Trainee: 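Have a look at the structure that comes next, please.
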2 protein chains.
Amino acid sequence: MPRSGAEARARLREAALDLYGECGYDATTTAEIAARAGVTERTYFRHFPDKREVLFDGEAELREVMTGAIASAPGSPAPLALVLQAYVAAVPLFVAGRPVAERRAKIIATSPALQERAHAKRDAVTDALIGALQDRGIAEPTARLAARVGAAVFERAGREWDGASGSDLTALIGQAADELRELA
Amino acid sequence: MPRSGAEARARLREAALDLYGECGYDATTTAEIAARAGVTERTYFRHFPDKREVLFDGEAELREVMTGAIASAPGSPAPLALVLQAYVAAVPLFVAGRPVAERRAKIIATSPALQERAHAKRDAVTDALIGALQDRGIAEPTARLAARVGAAVFERAGREWDGASGSDLTALIGQAADELRELA
DNA sequence: GAGGTTGTGTCAGTGACTGACCTTATCACC
DNA sequence: GGTGATAAGGTCAGTCACTGACACAACCTC
């Protein structure tokens, strides 16, 4: 009964978010997630490679937006400026995904295994940015340093944003960049 | 037959390094590692919490050296300078561990699961540095930004060092710090 | 040498994940 | 309107990482 594939996938995502939230990550099994989504455990593993990945769906979109921003930036900005522009370009995605992101963050905070995956995902984004910078002719080591530093700046802004719900993430990124200049 | 506990642990480390290197990470089972080390699989899991952790033993020492360096640094250096001093203090450890580190790096490169763990370990070190900075009265957000940026600088230096085997890691850290100032 | 502590063996079990093979809905094209 | 091809799912059987409970042996202390 292949309705569309995407439907089952979405149901699995919701089911996992619910169950992980209600019963905890360790206490829920992949079979339970599948059951709540109305499919088999095997089908779960056709959509997601492991038990954690359900929580990190949609990260590809983020990567595309950010690398696209770097590729299409006008002029020839400095490497770090390019990276920060990429994060600014992604702000709408962060704003849109905020409600889900909060539930997810609470769950992730309860499990080291999930924190590990979250770190890996952030690093994957950073690696994509490095690639995009290189495509603009920036040498690998410089690109890597800029992308990592940019990630640090964004993390600093993002934490501030999480604390103050009414604030403007774009402005916070600018502030964090100022702080970086003070540090260096 | 409890010889000392530490002996079995060391044998397990070597056995894992050998088997992961020869047969690949995925293809070797924890039972095989235990067998080569002359113990039971159960004993393996008494020494290491999971299949990956054997490769990351001794990371606690690194953390202690680095946080110690921050705690005992004279004067009142800027946050980023403190972080870089911590990495410089750890240079002897990196030099001493280089042969094993190379074998380990090759293995890690073959498995996403291991890369994930490696990232997590680096982040754990960074978090420890953040704590040490806070103990010196530096505010959390500043400490976090400085630690992350410092990690980025060190990564840049470390990659250079991996490439040129005869170079001086301490000097490379200084150069990377200069590059950061250019970027920001 | 009695008794606690520590490291290990044994056993049984759970749950994440995989490969192989088979059904069924859906769509394209005749 | 039948007829394949294809994509999504189900079923089954199996492997392996990891855990809890219990028993035993070596060591240390007094």
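Per chain, numbering begins at 1; letters A, B, ... match sequence-line order. Because the structure is predicted, anything quoted here is derived from the model rather than measured.
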Trainee: Taking 4.0 Å as the cut-off, does a side-chain nitrogen or oxygen of A:Thr29 come that near to OP1 or OP2 on C:dG15?
Mentor: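 Indeed not, no polar side-chain atom of A:Thr29 lies that close.
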Trainee: Take atom CZ of B:Phe48 and atom P of C:dT8, then tell me their distance rounded to the nearest Å.
Mentor: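 Rounded to the whole Å, the gap is 11 Å.
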Trainee: Ignoring hydrogens and angles, answer whether the base of D:dG10 and the side-chain atoms of A:Arg46 contain a donor-acceptor pair closer than 3.5 Å.
Mentor: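 Under the 3.5 Å cut-off, the side chain and the base do form a donor-acceptor pair.
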Trainee: Tell me: CD of B:Glu7 to P of C:dT6, nearest whole Å?
Mentor: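 Taking atom P of C:dT6 as the reference, CD of B:Glu7 is at 18 Å.
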Trainee: Determine, for B:Glu22 against B:Arg36, whether the closest basic-nitrogen to carboxylate-oxygen distance falls under 4.0 angstrom.
Mentor: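 Yes.
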Trainee: With rounding to the nearest 0.5 angstrom, report the OG1 to CD1 distance, A:Thr43 to A:Ile33.
Mentor: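 It comes to 13.5 Å.
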Trainee: Please give, in whole Å, the distance from C:dG7 C1' to B:Glu41 CD?
Mentor: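 So the CD-C1' distance, B:Glu41 to C:dG7, works out to 17 Å.
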Trainee: Nearest to the side chain of A:Thr43 - D:dG10, D:dT11, C:dT8?
Mentor: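 Out of D:dG10, D:dT11, C:dT8, the nucleotide with an atom closest to A:Thr43's side chain is D:dG10.
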Trainee: Report yes if a side-chain nitrogen or oxygen of A:His47 is closer than 4.0 Å to either non-bridging phosphate oxygen (OP1 or OP2) of D:dG9; otherwise report no.
Mentor: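 Yes.
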Trainee: Please determine whether a side-chain nitrogen or oxygen atom of A:Thr30 lies at a distance below 4.0 Å from atom OP1 or OP2 of C:dC17.
Mentor: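 For C:dC17, neither OP1 nor OP2 has a side-chain N or O of A:Thr30 closer than 4.0 Å.
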Trainee: Output yes when B:Glu116 and A:Arg52 qualify as a salt bridge under the 4.0 Å nitrogen-oxygen rule, no when they do not.
Mentor: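 So B:Glu116 pairs with A:Arg52 through a salt bridge.
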Trainee: Donor-acceptor pairs under 3.5 Å, side chain of residues 67-80 of chain B to any protein atom, not counting sequence neighbours: which ones?
Mentor:
| from | atom 1 | to | atom 2 | distance (Å) |
| --- | --- | --- | --- | --- |
| B:Thr67 | OG1 | B:Arg63 | O | 2.9 |
| B:Thr67 | OG1 | B:Glu64 | O | 3.2 |
| B:Ser72 | OG | B:Gly68 | O | 3.0 |

Trainee: Roughly how many Å is it from CG in B:Asp50 to P in D:dC18, rounded to a whole number?
Mentor: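 The distance from CG of B:Asp50 to P of D:dC18 comes to 5 Å, rounded to the nearest Å.
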Trainee: Estimate the overall bend of the helix from C:dG1-D:dC30 to C:dC30-D:dG1 from the end axes over five pairs each, rounded to 10 degrees.
Mentor: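 End axes: 20° apart.
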Trainee: Are B:Arg103 and B:Asp18 within salt-bridge range, i.e. N to O under 4.0 Å?
Mentor: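 Looking at B:Asp18 together with B:Arg103, the answer is yes, because their closest N to O distance falls below 4.0 Å.
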Trainee: So, using salt bridge (Lys or Arg N to Asp or Glu O under 4.0 Å) as the criterion, who are the partners of B:Arg159 when residues are at least two apart?
Mentor: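 For B:Arg159 the salt bridge (Lys or Arg N to Asp or Glu O under 4.0 Å) partners, ignoring immediate neighbours, are B:Glu155.
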Trainee: Figure out the NZ/P separation between B:Lys51 and D:dC16, and round it to whole Å.
Mentor: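 The answer, rounded to whole Å, is 9 Å.
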Trainee: Measure OH/B:Tyr25 against C1'/D:dC16 and give the value in whole Å, please.
Mentor: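 Roughly 11 Å, once rounded to whole Å.
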Trainee: Does the side chain of A:Thr40 get closer than 4.0 angstrom to OP1 or OP2 of D:dG10 through an N or O atom?
Mentor: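 Yes.
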Trainee: Angle between ring planes, A:Tyr25 versus A:Tyr20, binned at 30° and 60°: parallel, tilted or perpendicular?
Mentor: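 It falls in the perpendicular class, over 60°.
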Trainee: Rounded to the Å, how far apart are B:Arg42 CZ and C:dT8 P?
Mentor: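 Result: 12 Å.
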Trainee: Rounded to the Å, how far apart are B:Glu53 CD and D:dT19 P?
Mentor: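 My rounded result for the distance is 12 Å.
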